[in-house]
Amino acid sequence: MLDRIKASFTESIQTKIAAAEALPEAIQQAGTHMSQALLNGNKILTCGNGGSAGDAQHFSSELLNRFEKERPGLPAMALTTDSSTVTSIANDYSYDEIFSKQVRALGQPGDILLAISTSGNSRNVIKAMEAAVSRDMKIIALTGKDGGEMAGLLSQNDTEVRVPSERTARIQEVHLLVIHCLCDLIDNTLFPHVED
Ligand SMILES: O=C(CO)[C@@H](O)[C@H](O)[C@H](O)[C@H](O)COP(=O)(O)O
Ligand SMILES: [Zn+2]
């Protein structure tokens, strides 16, 4: 069992080294789009399933409350958290609609959808992206593996940050690092003179 633990650490570190080579430009573009949207008075909606639901909430709490700087809260909302809304949409329509219906209700032109899926194939996240397009929102997709269907839905205005790994757990571990990079970029673009 100790070998399994060490192998998990080694694989996670190696995935992060590969991601450090492959992802900085895409992360920079995503951070620029997010910062610009927030400076324009727009907001960021987030969604994902399972561990990625946790990531979506992790990001929105860091914006709404704080990351590292003492600064005002920023407008973000995880579409995973309102159990009354999520259960009623799943019950009355389908689980595939739980995020898209909220995006159509809340999304405004210029807002951003942070869509998180390690496979890129979660139906409810794909439908949220389609709803975002219908609301003239930009999409930032955190994916892995081959990018799945999500990769094919993105336009030039959108950004995909695809972790170079086939393994869900390793992809999730890098997604969290990417989320912290995005928070750091936003803080340092919007509040460059505030100390960490
Ligand atoms: O956290 C894990 C596995 O590490 C799981 O809960 C995982 O997030 C769930 O199986 C998700 O439904 C996977 O969805 P996705 O990443 O393919 O969109
Ligand atoms: Zn997990």
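Read the numbers this way: they start at 1 and go in the same order the structure lists the ligands and their atoms. Residue indices begin at 1 and follow the sequence shown. The structure displayed is predicted, hence computed values, not measured ones.
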Thr168-ligand 1 polar pair, N/O distance under 3.5 Å: no
Contact check: Gly51 vs ligand 1, nitrogen or oxygen atoms, below 3.5 angstrom: yes
Within-cutoff protein neighbour (heavy atom, under 4.0 Å) for atom 10 (O) of ligand 1: no
Which of the ligand 1 atoms, numbered from 1, are nearer than 4.0 Å to a heavy atom of Thr118: 15 (P), 16 (O), 17 (O), 18 (O)
Residue Asn49 vicinity, atoms of ligand 1 by number, heavy atom under 4.0 Å: 8 (O), 11 (C), 12 (O)
Please determine whether a side-chain nitrogen of the Lys or Arg among [X] and [Y] lies less than 4.0 Å from a carboxylate oxygen of the Asp or Glu.
X      : Y     : result
Arg170 : Glu11 : yes
Asp111 : Lys43 : yes
Arg66  : Glu70 : yes

Under 2.8 Å: N/O/S of Gln172 next to the Zn ion (ligand 2): yes
Return the residue, atom name and 0.1 Å-rounded distance of the protein heavy atom closest to [atom].
atom                    : answer
atom 17 (O) of ligand 1 : Ser119 OG, 2.6 Å
atom 14 (O) of ligand 1 : Ser122 OG, 3.6 Å
atom 2 (C) of ligand 1  : Gln172 NE2, 3.3 Å

Is it the case that atom [atom1] in [X] sees more than 12 heavy atoms from other parts of the structure closer than 6.0 Å?
X      : atom1 : answer
Arg104 : CZ    : yes
Phe191 : CZ    : yes
Glu130 : CD    : yes
Lys145 : NZ    : yes

